[in-house]
Amino acid sequence: MEKQEKIYVAGHRGMVGSAIVRNLEAKGFQNIVSRTSKELDLRRQMEVEDFFKEEKPDYVFLAAAKVGGIMANSTYPADFMYDNMIMEMNVIHSAFENKVKKLMFLGSSCIYPRLALQPMKESCLLTSSLEQTNEAYALAKISGLKYCEYLNRQHGTDYISAMPTNLYGPNDNYHPQNSHVLPAFIKRFHEAKMENASSVTIWGTGKPLREFLYVDDLADACVFLMQNYSGSETVNLGTGKELAIAELAELVKEVVGYSGKIEFDTSKPDGTPRKLLDVTKLNALGWRYKTELEEGIRMAYEDFLERDFRKDR
Ligand SMILES: NC(=O)C1=CN([C@@H]2O[C@H](COP(=O)(O)OP(=O)(O)OC[C@H]3O[C@@H](n4cnc5c(N)ncnc54)[C@H](OP(=O)(O)O)[C@@H]3O)[C@@H](O)[C@H]2O)C=CC1
Ligand SMILES: C[C@H]1O[C@H](OP(=O)(O)OP(=O)(O)OC[C@H]2O[C@@H](n3cnc4c(=O)[nH]c(N)nc43)[C@H](O)[C@@H]2O)[C@@H](O)[C@@H](O)C1=O
């Protein structure tokens, strides 16, 4: 990627897209194009085609998607499949039609089988059944990854995909039901502290294990791969470290400074028991995460306080 070349970041207002824009700008890339979903609804094929014909980007980071935590995924599976499938097909196809030099498609670690051997290597894709709570989203993400692979195979394109683990950081979604666990905890423990509540209830048993990557590290990895990786097999983006949800709750409680009890609502789903990424491939390419979890949670909490609850999607 040359500094003057045109880069389209799809989803630039989201947590990931905004971090990719920050990273590109910090590295001196000056020709970044973007559109909000109001300006360009990526589910509309004609609009996407017109945009690509008009803008002719050289590079594309596809970070626009319908995204949510376990509850959103299990409540709205039809929306998660339709929106994601159609958005990614429209963008990747228009990129191909307009000779985009390189595209990065972002998936998620939930594409791997529910009971995959841990840590999960890229090669375990499609070896057994998916987790039910996010099957629709995972199927859409697998389709995007595969479409990039098929274009590479049939037409010799250089379209890559990356599979991030659970992410968190500035500009996250703090919706009480639809968000992911980490922003949900930041908001819930903060509110409990402000209200002097005696306890905070978290979903499930607290036993599932999860891995978390700070979004600015993720953005750095995306830009790094765009510059240093080609190939149809996806690349896992994570830290290689995991902790139980109950341990995460203790950590957020400490960072936020809440002193009450933690209770568990076991009527809520646990989701997949464990999904630790094998990051051997990423490390071998020369990239490693920088931000440890506690430090990242502190920075995310500061961002949450600065935004003053404005982001509650
Ligand atoms: N958050 C996480 O923990 C993880 C995220 N990922 C992946 O990273 C990517 C980005 O996620 P994240 O930043 O968290 O999500 P966000 O919800 O923060 O941002 C999603 C972005 O997508 C855009 N978008 C949604 N629908 C449309 C549409 N119909 N047309 C145009 N744009 C649309 C939104 O644009 P606008 O703001 O203009 O409405 C928004 O900026 C996704 O591919 C996701 O799968 C992968 C693993 C974990
Ligand atoms: C990124 C990833 O995100 C989703 O998968 P998930 O990892 O299950 O995501 P989650 O962050 O929502 O939950 C993690 C764990 O945490 C527990 N948990 C406790 N209390 C709360 C809580 O208050 N909110 C939430 N959301 N979870 C809670 C919850 O029960 C679960 O055990 C998919 O969308 C998937 O498609 C995907 O890609």
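If you're wondering where the values come from, they're calculated on a predicted model, not measured in any experiment. Both counts, for ligands and for their atoms, begin at 1 and track the order of listing.
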Is [X] close enough to touch ligand 1? Criterion: a residue heavy atom under 4.0 Å from a ligand atom.
{"X": "Ala19", "result": "no"}
{"X": "Thr165", "result": "yes"}
{"X": "Leu40", "result": "yes"}
{"X": "Asn173", "result": "no"}
{"X": "Tyr137", "result": "yes"}
{"X": "Lys141", "result": "yes"}
{"X": "Met87", "result": "yes"}

Ignoring angles and geometry beyond distance, decide whether [X] reaches within less than 3.5 Å of ligand 2 through its nitrogen or oxygen atoms.
{"X": "Cys110", "value": "no"}
{"X": "Pro269", "value": "yes"}
{"X": "Tyr137", "value": "no"}

The one among Trp203, Phe212, Phe264, Phe80 that brings a heavy atom closest to atom 22 (C) of ligand 2: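 The residue whose heavy atom sits nearest atom 22 (C) of ligand 2 is Trp203.
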
For atom 3 (O) of ligand 2, the option (of His180, Glu211, Met71) bearing the nearest heavy atom: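 Answer by nearest heavy atom: His180.
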
Between [Y] and [X], is there a side-chain donor-acceptor contact under 3.5 Å, judged purely by atom types and distance?
{"X": "Lys56", "Y": "Asn98", "value": "yes"}
{"X": "Asn73", "Y": "Thr133", "value": "no"}
{"X": "Tyr168", "Y": "His180", "value": "no"}
{"X": "Tyr147", "Y": "His93", "value": "yes"}
{"X": "Tyr82", "Y": "Lys66", "value": "no"}

Region of His180 that comes within reach of ligand 1 [heavy atoms, distance under 4.0 Å]: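 For His180, the contact with ligand 1 is made by the side chain alone.
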
Side chain, backbone, both or neither: the part of Leu167 lying under 4.0 Å from ligand 1 by heavy atom: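 The answer is both.
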
Test item, Lys275 contacting ligand 2 (heavy atom, 4.0 angstrom):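 The answer is yes: ligand 2 sits under 4.0 Å from a heavy atom of Lys275.
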
Proximity flag Gly204 to ligand 2, non-hydrogen atoms under 4.0 Å: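 It does not, in that no heavy atom of Gly204 comes within the 4.0 Å cut-off of ligand 2.
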
Please determine whether a side-chain nitrogen of the Lys or Arg among [X] and [Y] lies less than 4.0 Å from a carboxylate oxygen of the Asp or Glu.
{"X": "Asp158", "Y": "Lys102", "value": "yes"}
{"X": "Lys207", "Y": "Asp270", "value": "no"}
{"X": "Arg35", "Y": "Glu55", "value": "yes"}
{"X": "Asp220", "Y": "Arg22", "value": "no"}
{"X": "Lys101", "Y": "Glu5", "value": "yes"}
{"X": "Arg298", "Y": "Glu302", "value": "no"}

Of the protein's non-hydrogen atoms, which lies at the shortest distance from [atom], and what is that distance?
{"atom": "atom 31 (C) of ligand 2", "answer": "Asp270 O, 3.3 Å"}
{"atom": "atom 15 (C) of ligand 2", "answer": "Ile245 CD1, 3.6 Å"}
{"atom": "atom 35 (C) of ligand 2", "answer": "Asn134 ND2, 3.3 Å"}
{"atom": "atom 34 (O) of ligand 2", "answer": "Asn73 ND2, 2.5 Å"}
{"atom": "atom 28 (C) of ligand 2", "answer": "Val181 CG2, 3.5 Å"}
{"atom": "atom 38 (O) of ligand 2", "answer": "Ser108 OG, 2.5 Å"}
{"atom": "atom 12 (O) of ligand 2", "answer": "Ile70 N, 2.7 Å"}
{"atom": "atom 7 (O) of ligand 2", "answer": "Arg210 NE, 2.7 Å"}

Under-4.0 Å heavy-atom contact with ligand 2, by part of Arg188 that carries it: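 For Arg188, only side-chain atoms sit under 4.0 Å from ligand 2.
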
Region of Ser179 engaging ligand 2 - heavy atom pairs below 4.0 Å: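 Only the backbone of Ser179 comes within reach of ligand 2.
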
Mutual orientation of the aromatic rings belonging to Phe304 and His190 [parallel < 30°, tilted 30-60°, perpendicular > 60°]: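 Ring orientation, 0 to 90° scale: perpendicular.
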
Aromatic plane relationship, Phe80 with Tyr137 - under 30° parallel, 30 to 60° tilted, over 60° perpendicular: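 Plane angle over 60°, so perpendicular.
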
Among Gln118, Arg210, Arg274, side chain to side chain donor-acceptor pair (under 3.5 Å) partner for Glu242: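 Answer after filtering Gln118, Arg210, Arg274: Arg274.
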
